[in-house]
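In what follows, every chain begins at residue 1, and chains take the letters A, B, ... in the order their sequences are listed.
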Amino acid sequence: MVRPFDVQAIETKWQDRWLHEGTYEVDNDDPRERYYALCMYPYPSGAAHQGHIRNYTFGDLIVRYQTMRGKAVLSPFGFDSFGLPAENAAIKAGSHPRIFTEARMAELRRSVERLGAVYDWRRLVVSHDPDYIKYSQTIFLAFLEAGLAYRAEAPVNWCPGCATVLANEQVLADGTCERSGDLVQRRNLEQWFFRITAYADELLHDLDALAWPERVKAMQRNWIGRSEGVEFDLTFAHDANRAIRVFTTRPDTGYGITYAVVAPEHPLLAALTTDAQRSEVEALVERATSASEIERTSSSDSGPGLSKRGAFTGSYVVNPFTGDPVPVYVADYVLGNYGTGAIMAVPGEDERDFAFARTYQLPVVATVERPPGFGDGAYVGDGAHINSGFLDGLGVADAKKAASAFLVERAHGVATVNYRLRDWLVSRQRFWGCPIPIVYCDHCGIVAVPLDELPVLAPDDVIMESSGQSPLATHAAFRDTTCPRCGEPARRETDTMDTFTDSSWYFLRYADPFTDGRPFDPEQVAKWMPVDQYIGGIEHAILHLLYARFYVKALVDIGLADGVNREPFARLFTQGMIRLDGSKMSKSKGNLISPERYFDRVGADALRVFHLFVGPPADNVDWTDQTEDVIDGCARFLDRVHRLATDAALVHRPDDPSVDVPLRRVVHHTIDRVTSDIDRWSFNTAVAALMELLNATAKWAREYGVAREVLNEAIDTLLKLLAPMAPHLSAELWEIRHPGEPSVHAQPWPTSDPHLTTEQLAVMVVQVNGKVRARLEVSPTIDDDDARDLALADPTIRTWIGDGEPTRVVVRAPRLVNVIV
RNA sequence: GCCCGGAUGGCGGAAUCGGCAGACGCGGAGGCCUCAAAAGCCUUUACUCGAGAGGGUGUGUGGGUUCAAGUCCCACUCCGGGCACCA
């Protein structure tokens, strides 16, 4: 595209100026009202892709807009620089992950600078920086001391082909390894956990007050999965002193218990299993525990209502409601790590139990009356209880209360709340992550590395080829140490932390990156938190956003973040994805349309305007054959702005209110539209409003000529409103028009004159039987009677009414009159 | 299966509180400028009947509420996303 100005020269000039003049650096003692704008810090994967560009375009618009609104805007940048891709690349090339990572960080930084996005680079935070590692480890040890970090044996995903432990994300839906294709196994290993479940209730409740997309909140609620019910005992039929403890949310269906099920991991399974059933039970347990949890719970032949695998233990327990003995089964549809790991089974009112009962020919008893026409199967709806003794006739809610009271009294029942949420497993058997600062001593046990010895850094000469354990475990000089407590030989922890731990507090460090000796100064951080606007991808709806919420609450509680808001992100915006041919545009799919090409061809401003204009920010963008044309259209819009702002030949003439006032109205109306559009994240209509302002100004100037002041007001307003969207061109044109004055980005955001935004004339629509038949110009303050008279007097309306009298006239002055005949 | 979104011209989308459907842009058509082209500018562009004035139809489908429905209610179809044995 041929442009009427030198795009590259202008964009480079302003990028240099913003960087070197520190225009968007902000200090912690800034007296202005504070605003914290934050884009999720990126994994450095090289030059920016269109998703980054979209993210940072939105973020930069907010930063520049809020700055013009007079606020001190915190706009930091950093890198989530630990992670597996760099480690894999290093293994492949026989190099070090740091080398890859830092090269890619430089590329990504270059991209965001070419975009014209502005940051306070002094506050740069990088996960693999020894300083950041030090405080990540400080926080880990503080969690340990507070009882929020603990060590326990847990099943992990083990890939025999890769001879390593995998993250859940690396295991495909069919239970195979994404790299080798081998079936992933479960292995029990000692792992570190964070006690996020201690915060389950608060994490759930605090969601209500957050200005987040409902969809994201719903996903988090779902993930936390709170359910209320009762725990009680099912006594062994052959030994009244022993019992299986079960959890249910449907105590009301207790008369329908026809069997019970324990998980394959259940501690009482061996005691329940009779000699006759032992081989069958052991076969089932072997099969269930060798599969990964993912394979066990989400393979294609599993799910509610589908076939179930199980085995009879040979034992019976007593239904506390009926006193009848019911058989105990072991089945893999009951999970060992939820509730009590055992259930009462009510096939009449539970789909899973029904499917199991079908397979093993167990009796089904209906305890809730079915609606008419209900066929075969489990009924989970409401209704009157039947076959249920003292519960008969009660609805589900009432029966639950009565049945709970019964269980409390007769079966050691306790009202209980269970959560789907599990504690956060943070150990990773990888090299490129933050080392866990722990030493294991034969005498002292688990010993924290003293704070003054932090950070614990991984040595550089580690062979990363995986041999089935953490790469650091093969490095004797790192692994073998002495106990900080007793001085005897000891062994270091060789696992690293999940990289989600790094992204759980980086935004706190941004607010005070200069403090030494502790992660941050709570007083400084409290002034900035919570983040006013957080912007990122929907893919982080659960994990990152839940972990970060947990971290902040925990840090406040253990005293590291005194006075900091317990919720980190007051407002969240999740942008749509960029898609090509229907699938997500990503490096791994190899279907990237590089932004660099557009920087070169039309410039950053045009690409930014495109991303703002193409559709609602929350929607996905389909990159099509037409997209290039739309980008050119955005460049054309900027060209027209340039021409209008620099055209000395525009016609001027003396003041003439009849022409000047209508244009001024458009200008002031546009101020209101753009302001409210930005506030409600409707950037596409904000750009449209500016296009309309441009069109109107050009047309007025061309067709009528406009007084110089009015033209100047229109153009200057356009530049100010455009400044957050197309910052380079706006700054350049402003400088040409106002040499020596402060930049357009230092100008206050324009405000509208109410006299010019209240309408002088309203167009009143007159309908006959709901169809528009006339439009009349009326005073905006016209009353209903006058509006009605005016409408009925209109000749066109009279012909439509004909001879008859209107049966009804609906008047909504000054907008509309509807005549019914 | 459950939960959450969504469906508007040839295309992306607009319509913020139930009151003019289609803002703005892309694409198309015609024109101006030019030796010619590019660029730029102007006009036009939901569908349909009509020479025109003007009329009719129209927001996934079928019902409903209302003077009035893209917008509210009920039922359904299709598309996208999330969760999926959590008792």
Side-chain angles (χ1 to χ4, degrees), chain A residues 1-4 213-219 221-223 225-227 229 246-250 253 261 296-298 302-306 308 331-335 337-346 349-353 355-356 418-422 538-539 541-542 576-577 579 582 609-610 613-616 618-622 624-634 636-637 639-640 643 673 676-677 680 682 684-692 694-695 698-699 702 763-772 774-775 806-812 815-820:
Chain A
M1 246 190 122
V2 182
R3 307 293 296 277
E214 275 309 317
R215 178 163 74 121
V216 176
K217 294 205 271 186
M219 284 163 75
R221 286 190 189 106
N222 200 322
W223 186 263
R226 181 190 153 97
S227 65
V246 296
F247 172 75
T248 183
T249 57
R250 292 294 303 275
T253 61
V261 187
R296 182 171 146 194
T297 59
S298 53
S302 73
L306 293 171
K308 305 275 184 265
D332 64 1
Y333 82 93
V334 171
L335 306 174
N337 58 354
Y338 181 80
T340 59
I343 62 159
M344 63 178 224
V346 185
E349 276 76 31
D350 184 283
E351 285 183 37
R352 301 152 298 186
D353 297 344
F356 189 85
N418 263 308
Y419 298 91
R420 271 178 42 123
L421 183 70
R422 310 284 157 79
I538 187 76
E539 65 272 22
I542 296 174
M577 292 184 308
R579 299 190 305 183
V609 171
F610 162 76
F613 183 64
V614 67
D619 286 9
N620 292 333
V621 176
D622 279 312
T624 66
D625 296 345
Q626 193 187 247
T627 301
E628 199 112 324
D629 287 332
V630 178
I631 294 172
D632 284 354
C634 292
R636 201 149 48 227
F637 161 63
D639 290 349
R640 296 183 67 208
R643 208 173 308 131
R673 283 175 67 188
S676 76
D677 282 352
R680 68 190 178 99
S682 181
N684 52 330
T685 53
V687 173
L690 290 182
M691 289 172 169
E692 286 182 64
L694 171 76
N695 292 344
K699 187 178 170 113
R702 183 180 66 245
V763 174
M764 185 172 78
V765 170
V766 185
Q767 300 177 332
V768 178
N769 292 332
K771 292 192 195 319
V772 179
R775 292 181 174 84
T807 55
R808 184 173 170 191
V809 181
V810 180
V811 185
R812 292 286 180 278
R815 307 188 49 125
L816 174 135
V817 174
N818 190 7
V819 183
I820 315 304

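Within the shown strands, nothing qualifies as a pairing partner of A15(B) under the Watson-Crick or G-U definition with both distances less than 3.5 Å. In a base pair of the Watson-Crick type (N1 to N3 plus N6-O4 or O6-N4) or a G-U wobble (N1-O2 and O6-N3), with each distance short of 3.5 Å, C83(B) is matched with G1(B). Pairing for G10(B) is with C26(B), a Watson-Crick or G-U wobble pair whose two hydrogen-bonding atom distances lie under 3.5 Å. Base-pair partner of U65(B): not found among the strands shown (Watson-Crick or G-U wobble, both distances under 3.5 Å). When both pairing distances are held under 3.5 Å, C76(B) makes a Watson-Crick or G-U pair with G60(B). Pairing for G40(B) is with C32(B), a Watson-Crick or G-U wobble pair whose two hydrogen-bonding atom distances lie under 3.5 Å.
When atom types are taken as modelled, the side chain of N620(A) and the backbone of G576(A) share no donor-acceptor pair closer than 3.5 angstrom. At least one donor-acceptor pair under 3.5 Å links the side chain of N818(A) to the backbone N or O of G770(A). A donor-acceptor pair under 3.5 Å links the side-chain atoms of D677(A) to the main chain of A686(A), judged by distance alone.
Atom CZ of R3(A) and atom P of G40(B) are 10 Å apart (whole Å). Between the CG atom of L816(A) and the P atom of C17(B) there is a distance of 18 Å, rounded to whole Å. Atom CZ of R702(A) and atom C1' of C42(B) are 8 Å apart (whole Å). For the pair R215(A) CZ and G6(B) P, the interatomic distance rounds to 10 Å; values are reported in whole Å. Regarding D350(A), its CG atom lies at a distance of 14 Å from the C1' atom of A84(B), rounded to whole Å. Rounded to a whole Å, the OH atom of Y338(A) is 18 Å from the P atom of C83(B). Remark: P of C41(B) and CG of D639(A) are 9 Å apart, rounded to the nearest angstrom. Rounded to whole Å, atom P of C20(B) lies 8 Å from atom CD of Q767(A).
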Exercise. Tell me, for nucleotides 24-33 of chain B in 5' to 3' order, what letter each nucleotide earns: B for a base near a protein heavy atom under 4.0 Å, S for only sugar-phosphate near one, - for neither?
Worked result: BSBS------

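Comparing A87(B), C67(B), C85(B) against the side chain of R808(A) picks out C67(B) as the nearest. Closest to the side chain of R420(A), out of C83(B), C67(B), A87(B), is C83(B). When distances are taken from the side chain of R775(A) to each of G19(B), A87(B), C20(B), the shortest belongs to C20(B). Taking only side-chain atoms of L335(A), from C-beta outward, the nucleotide of G19(B), A87(B), A14(B) with the closest atom is A87(B).
Contacts of P4(A) with the nucleic acid, taken as non-hydrogen atoms under 4.0 Å apart, are absent. Residue contacts shown for I343(A) include a base, since a base heavy atom lies under 4.0 Å away. Among the atoms of the strands shown, only primed sugar atoms or phosphate atoms (P, OP1, OP2) are found under 4.0 Å from some heavy atom of N222(A). Residue contacts for E214(A): at a heavy-atom cut-off of 4.0 Å it reaches no nucleic acid atom on any strand shown. If you check every strand for non-hydrogen atoms under 4.0 Å, R815(A) touches sugar and phosphate atoms only.
In this model, the phosphate group of A87(B) is not approached by any side-chain N or O of N418(A) to a distance below 4.0 Å at OP1 or OP2. Taking side-chain N and O atoms only, R673(A) has no distance below 4.0 Å to OP1 or OP2 of U16(B). Within the structure, a side-chain polar atom (N or O) of K771(A) is placed less than 4.0 Å from OP1 or OP2 of U57(B). Phosphate contact (OP1/OP2 of A87(B), side-chain N/O of S227(A), threshold under 4.0 Å): present.
With the nearest nucleotide of RNA chain B identified for both D353(A) and N684(A), N684(A) has the one nearer the 5' end.
Aromatic ring orientation, F356(A) versus Y333(A): tilted (interplanar angle from 30° to 60°).
Side-chain contact between R422(A) and N337(A) is present, with heavy atoms from C-beta onward closer than 4.5 Å. Here the side chains of D350(A) and M344(A) are not in contact, with every heavy-atom distance at 4.5 Å or above.
With sequence neighbours excluded, no residue forms a ring-ring contact (aromatic ring centres under 6.0 Å, His included) with F613(A). In terms of the side chain to side chain contact (heavy atoms under 4.5 Å, CB included) criterion, residue partners of R420(A) (sequence neighbours excluded) are, by chain and number, W223(A).
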